[in-house]
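Throughout, residue positions are numbered sequentially from 1 according to the sequence presented.
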Amino acid sequence: MILPSKACGSACSSLQAVARETFTGVLSSSAVRSRSPRHIPHCRSQLRITLQAHSRSFHSTPNHNSHSPRTSYRVAASSSGKSRPFLPARNAYNFNPEVQEALGVALDTQDPTVKRKRRPDSGEDAFFVSKIGRAGSTDNSVAFAVADGVGGWAESRVDPADFSHGLCGYMAETALDWDQPAEQLRAKALLQAGYDRVVADDSIRAGGCTASVGVGLEDGRIELANLGDSGSVLLRQAAVHHYSIPQTHGFNTPYQLSIIPPRMRQQASIFGGSYLEDYPRDAATTTLHMHHGDVLMLATDGVFDNLNNQDILKLVTNRMLYTGAWTASTSPNTGITPADPETLARLTGPEGLSSSIPPPHTKTSKKKPATASNPHDHTYTLQSLLAATIAGEAKLASMDLRRDSPFAKEAQRYYPGDYYRGGKVDDIAVVILVAVEV
């Protein structure tokens with residue numbers, strides 16, 4: 001459903017007003033990507049179920065006028081493998097474009113073994129944030145993504161993490177090698193370029209993943225391309241302004257990119273089946289316009305299977321108000337407003353929240369700046385606090401047997417005769433962008 005806002009004036013035609021002011025207002029429960037440890041039918045198999053894909057319209061938020069100030073994106077990520085403990089200080093990563101070209105990927109080596117050792121603690125999930133263009137560019141544009149490896153490939157003795165981390169690594173390289181104006185780099189084209197390079201990589205012989213990819217320009221425009229059940233949520237002044245719609249073929253069967261070895265294709269054809277294959281061209285695209293103080297979250301289904309949008313909104317609003325990034329007015333006509341650019345720049349800058357939250361290092365240890373191989377800068381920033389908060393809450397909810405998660409409710413709806421309660425244990429990856437006027 002697309003909800004038009006109020007007309008912007010009698011001088012504009014109704015069609016023009018709707019085109020400028022529409023935004024997406026629909027959410028369905030996320031489909032789950034990895035196999036459940038409980039007695040839920042394994043709908044995640046690669047054999048295709050012939051279902052008709054629903055058509056999706058293009059959604060956008062209104063553009064600023066041509067005199068809008070430039071936007072700087074303050075970015076952080078947080079992640080956790082499903083079999084590992086979550087430590088907020090250890091599992092949060094700040095992206096500082098002044099000292100690193102990219103976050104979440106190893107770009108200074110082509111050795112697959114070294115790349116595996118230097119992956120962040122995200123299990124089969126992957127993420128990246130990078131500049132667009134190499135060092136020396138003064139453009140504030142960024143590229144970013146999350147990807148979720150298809151866990152079912154483990155049954156075929158394939159590491160699902162190779163595909164998702166490889167895709168993010170190649171997308172980061174493509175963004176950094178971009179030598180044209182940033183606005184000419186499209187999110188779906190970036191996904192296609194990463195996928196093509198994964199297919200050409202002999203070290204990745206099989207696998208698959210979902211992905212949510214974004215390109216942020218310094219005029220505030222964000223283009224998103226979403227394939228599968230990873231997705232995005234845009235929060236503005238304590239309200240959900242946009243959220244993506246999961247692309248699924250059925251319960252627990254999201255759209256996914258894949259590499260299918262010829263031998264496996266032949267085996268499937270013997271039994272009259274075929275493998276589930278989607279392509280970057282199938283991704284749903286969305287154009288947003290971020291305002292000063294907006295918060296954009298990209299996450300894998302390890303978040304969306306355990307937290308709904310209202311949970312995410314509560315967590316973000318609480319942290320934004322507590323740190324002073326948003327302020328609440330007693331006036332009924334004002335409500336929640338973002339802090340001034342100077343304050344928000346300080347909260348999201350290198351020093352971050354150090355004045356109110358002690359840094360997570362001992363007195364004897366020396367603070368180390370973030371680098372490509374060492375993304376931990378041991379400083380809480382507003383964006384890293386938000387990312388760690390969401391990832392940590394999703395981790396807790398995934399192990400809670402008393403509170404039914406969005407996944408549990410979806411499973412109960414599809415399979416009312418099966419018992420499923422509580423959270424959904426899965427890998428988690430979160431990327432947070434805070435827009436700051438400069």
Separation between [atom1] of [X] and [atom2] of [Y], rounded to the nearest 0.5 Å:
{"X": "Asp311", "Y": "Asn306", "atom1": "CG", "atom2": "CG", "value": "10.0 Å"}
{"X": "Leu386", "Y": "Leu315", "atom1": "CG", "atom2": "CG", "value": "9.5 Å"}
{"X": "Asn91", "Y": "Lys395", "atom1": "CG", "atom2": "NZ", "value": "8.0 Å"}
{"X": "Asp229", "Y": "Ile245", "atom1": "CG", "atom2": "CD1", "value": "13.5 Å"}
{"X": "Arg197", "Y": "Thr174", "atom1": "CZ", "atom2": "OG1", "value": "4.5 Å"}
{"X": "Arg236", "Y": "His292", "atom1": "CZ", "atom2": "NE2", "value": "12.0 Å"}

Next item on the list: Only one of Val129, Val213, Ile432, Val215 passes side-chain contact (heavy atoms from CB on, under 4.5 Å) with Phe144; say which it is.
Entry: Val129
Next item on the list: Could you list the residues that satisfy salt bridge (Lys or Arg N to Asp or Glu O under 4.0 Å) with Asp121, not counting sequence neighbours?
Entry: Arg84
Backbone N or O of [Y] within a donor-acceptor pair of the [X] side chain at under 3.5 Å?
{"X": "Trp326", "Y": "Thr317", "answer": "no"}
{"X": "Ser141", "Y": "Ile132", "answer": "no"}
{"X": "Thr343", "Y": "Ala339", "answer": "no"}
{"X": "Ser164", "Y": "Ala161", "answer": "yes"}
{"X": "Gln256", "Y": "Pro254", "answer": "yes"}
{"X": "Gln100", "Y": "Asn96", "answer": "yes"}
{"X": "Gln247", "Y": "Asp282", "answer": "yes"}
{"X": "Asp301", "Y": "Ser230", "answer": "no"}
{"X": "Asp196", "Y": "Ala193", "answer": "no"}
{"X": "Thr381", "Y": "Glu351", "answer": "no"}

Looking only at side-chain N and O atoms, does [Y] offer a donor or acceptor that is under 3.5 Å from a partner on [X]?
{"X": "Ser244", "Y": "Asn226", "result": "no"}
{"X": "Thr253", "Y": "Thr248", "result": "no"}
{"X": "Asp278", "Y": "His249", "result": "yes"}
{"X": "Asp201", "Y": "Tyr170", "result": "yes"}
{"X": "Ser405", "Y": "Asp305", "result": "no"}
{"X": "Asp111", "Y": "Thr109", "result": "no"}

Next item on the list: Please say which of Lys115, Arg205, Arg119 ends up in a salt bridge (charged side-chain N to carboxylate O under 4.0 Å, His left out) with Asp162.
Entry: Arg119
Next item on the list: Apply side chain to side chain donor-acceptor pair (under 3.5 Å) to Ser78 and list each qualifying residue two or more places apart in sequence or on a separate chain.
Entry: none
Checklist line | Under the side chain to side chain donor-acceptor pair (under 3.5 Å) test, residues paired with Thr348 that sit two or more places apart | finding: Arg74
Is there side-chain contact between [X] and [Y], with at least one heavy-atom pair below 4.5 Å?
{"X": "Val105", "Y": "His165", "result": "no"}
{"X": "Phe163", "Y": "Tyr195", "result": "yes"}
{"X": "Leu217", "Y": "Asn140", "result": "no"}
{"X": "Pro160", "Y": "Val150", "result": "no"}
{"X": "Pro97", "Y": "Lys131", "result": "yes"}
{"X": "Ile222", "Y": "Thr287", "result": "no"}
{"X": "Leu224", "Y": "Leu288", "result": "yes"}

Notebook entry, point to check: Is there a side chain to side chain contact (heavy atoms under 4.5 Å, CB included) between Trp153 and Arg157 once you walk through the steps?
Noted result: CA-CA 7 Å; Trp153 278 100; Arg157 298 181 179 179; over 6 Å; no
Provide the closest heavy-atom pair for [X] versus [Y] in the form atom of the first, atom of the second, distance.
{"X": "Ala283", "Y": "Leu191", "result": "CB-CD2, 4.2 Å"}
{"X": "Ala325", "Y": "Leu382", "result": "CB-CD2, 3.6 Å"}
{"X": "Tyr275", "Y": "Met264", "result": "CE1-O, 3.1 Å"}
{"X": "Ala147", "Y": "Cys168", "result": "CB-SG, 3.9 Å"}

Next item on the list: Using the salt bridge (Lys or Arg N to Asp or Glu O under 4.0 Å) rule, take Arg70 and Glu218 through it: C-alpha gap first, then chi angles, then the decisive distance, then the call.
Entry: CA-CA 5 Å; Arg70 293 188 304 135; Glu218 65 176 1; 3.4 Å; yes
Margin query: Let's go through Leu103 and Phe127 carefully: what are the C-alpha distance in whole Å and the side-chain angles of both, what is the deciding distance for side chain to side chain contact (heavy atoms under 4.5 Å, CB included) to 0.1 Å, and is it a yes or a no?
Written below: CA-CA 8 Å; Leu103 176 70; Phe127 65 86; 4.2 Å; yes
Under 6.0 Å from the [atom1] atom of [X], do we count more than 12 heavy atoms belonging to anything else shown?
{"X": "Arg116", "atom1": "CZ", "answer": "yes"}
{"X": "Glu98", "atom1": "CD", "answer": "no"}
{"X": "Gln180", "atom1": "CD", "answer": "yes"}

Check: Which is it for Trp178 and Gln184 under the side chain to side chain contact (heavy atoms under 4.5 Å, CB included) test, yes or no, and what are the steps along the way?
Finding: CA-CA 9 Å; Trp178 191 255; Gln184 295 183 18; 4.0 Å; yes
Check: What orientation do Phe251 and Phe407 show, parallel under 30°, tilted 30 to 60°, or perpendicular over 60°?
Finding: parallel
Next item on the list: Check the pair Asp404, Lys409 against salt bridge (Lys or Arg N to Asp or Glu O under 4.0 Å), reporting the backbone distance first and the verdict last.
Entry: CA-CA 6 Å; Asp404 282 351; Lys409 294 176 182 177; over 6 Å; no
Checklist line | Tyr73/Met290 under side chain to side chain contact (heavy atoms under 4.5 Å, CB included): CA gap, chis, key distance, verdict | finding: CA-CA 10 Å; Tyr73 301 101; Met290 289 190 72; 3.9 Å; yes
Note to self: Quick one, Asp108 with Arg118, criterion salt bridge (Lys or Arg N to Asp or Glu O under 4.0 Å). Give me CA distance, side-chain angles, the key distance, then yes/no.
What the structure shows: CA-CA 11 Å; Asp108 56 349; Arg118 289 166 59 177; 2.8 Å; yes
Notebook entry, point to check: Step by step, would you call Arg221 with Glu183 a salt bridge (Lys or Arg N to Asp or Glu O under 4.0 Å)?
Noted result: CA-CA 9 Å; Arg221 283 180 294 162; Glu183 59 266 19; 5.3 Å; no
Margin query: Pair Ser232, Ser212 - check side chain to side chain donor-acceptor pair (under 3.5 Å), show working.
Written below: CA-CA 7 Å; Ser232 59; Ser212 186; 5.0 Å; no
Note to self: Would Arg319 pass as a cation-pi partner of Tyr322, given that its NZ or CZ must be under 6.0 Å from the six-membered ring centre and within 45 degrees of the axis?
What the structure shows: no
